[in-house]
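Within every chain, numbering begins at 1; the chains are lettered A, B, ... in the order of the sequence lines, protein sequences first and strands thereafter.
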There are 2 protein chains.
Amino acid sequence: MSLPHAILTALLEKPSSGLELTRRFDRSIGYFWSATHQQIYRELGKLEADGLIRALPAEQPTRGQKKSYEVLPAGRAELARWTAASQDPKPHRDALLLRLRAAAVVGTAGLEADLRRHLELHERQLAEYQEIDRRDFPPGRDTTEDRLRHLVLQAGIDLETFWTQWLRRALADVAALPDDEPARPA
Amino acid sequence: MSLPHAILTALLEKPSSGLELTRRFDRSIGYFWSATHQQIYRELGKLEADGLIRALPAEQPTRGQKKSYEVLPAGRAELARWTAASQDPKPHRDALLLRLRAAAVVGTAGLEADLRRHLELHERQLAEYQEIDRRDFPPGRDTTEDRLRHLVLQAGIDLETFWTQWLRRALADVAALPDDEPARPA
DNA sequence: ACGGTTTATGCAACTAGTTGCACAAGGTGA
DNA sequence: TCACCTTGTGCAACTAGTTGCATAAACCGT
């Protein structure tokens, strides 16, 4: 149950409309908690119904009109409660590792190209993180907020670094395999 | 749609009953694709209905009786197809990073203890992986299967190594923060 | 002033995963 | 011999996330 809290955090950082939130989820926030616009709108509705956020006054907030939300005290309290409570880590699922394991049984056909594609994606993501690092975290700032946010970004950078390294290694290993065995017949 | 393929892989490695699969998902397979026993039973039913696996002949496979499954040629073919097809990486979600970001806004109360708990969990997991590495991958083997499986294990080891390092750093950073600011009042 | 694109909000149906419980068989100790 | 525990299978209801589509206003060129 983290999406509402992700939204509360985002709204506390800056009151926004659904679409603005969607964009921010595509960028910074989505790097560790992604959500589609439908999820976001639905959740905004719930949060408003629960009295945790409210729509900022606007003319006629009908369809096609921007509607911005801000966090109410009850929302901040709920976020603080959630943040302080300890939670068990949810199990991760990684389809790529699963596929590698499957490839050990049914053959590696098609795998190399996809490993390369993943490598490119992670390289691009890493570059983006490093750009954010350079742009948003110049040396010499250290408010509590900056430090915590930088810590999160650093996790992103380190994770992408790990993946690019691992994928390079995987590619080298897969390339060195005996030329594609067709997975002994069923 | 990876669970059926995770099960096919597991069954190809060794035909098993639902409960045996559940146990294996708690161990090795679950490290990158977890599933509960209910998911597994449901999926076994579907896979059987689709003709991808079949129950091994047993006396009376009623309730309370073990029922083992093996993969049929159609199942192997489907797994091979899935493995070879490229897939977009699913977005990852990490509640801990989200909480850290929330903590930047509403305060770090309670966070340190939980970071420590996560650190312990990851240390334990890392130790377990290293044990598997020692036990199941003695030097000098290199069938294609061994290499691929080792690659997957290596990803696990590297990931846990990353997390333990990052968490230690996060703990040091959080400890160095000005004594818990109560998140300027709403 | 009309047709197309972009911006913005949202519903409905679906898929995947989780939680809570039920039930049956077999073994184990009192 | 019967109460209880473990093993093994499974249903039902729920929660979370995804996909596909609908709608409406605003902006923009021709």
Between B:G18 and A:Q39, which is nearer to the 5' end of DNA chain D once each is assigned its nearest nucleotide?
B:G18
Is it true that A:L121 and A:L159 fall in one hydrophobic cluster, defined by side-chain heavy atoms closer than 4.5 Å?
no
Any A:K90 side-chain nitrogen or oxygen under 4.0 Å from OP1 or OP2 of C:dT18
no
Scanning both residues in full, the closest heavy-atom pair of B:A102 with A:W82 reads CB-CZ3, 4.5 Å
Let me know the distance between CD1 of B:I40 and P of C:dT18, rounded to the nearest Å.
11 Å
Distance only, no hydrogens: is a donor on one side chain within 3.5 Å (strictly under) of an acceptor on the other, for B:S2 and A:R93?
no
Taking CG from B:L44 and P from D:dG8, how many angstroms apart are they, rounded to a whole number?
14 Å
Roughly, in whole Å, what's the span from CG in B:L3 to P in C:dT15?
15 Å
Whole-Å distance separating the CG atom of A:D26 from the P atom of C:dA8
13 Å
For D:dT7 and B:R23 - does any side-chain N or O of the residue sit under 4.0 Å from the phosphate oxygens OP1/OP2?
no
How is B:S17 classified with respect to the nucleic acid when contacts are heavy atoms under 4.0 Å: base, sugar-phosphate, or nothing?
sugar-phosphate
Do B:W33 and A:R101 come within less than 4.5 Å of each other through their side chains, counting heavy atoms only?
no
Of D:dG20, D:dT18, C:dT18, the nucleotide closest to the side chain of A:P91 is C:dT18
Whole angstrom value for the distance that separates C1' of C:dT7 from CG of A:L21
15 Å
In whole Å, what is the span from the NE2 atom of B:H37 to the P atom of D:dC11?
12 Å
Closest to the side chain of B:R42, out of C:dT18, D:dC21, D:dT18, is C:dT18
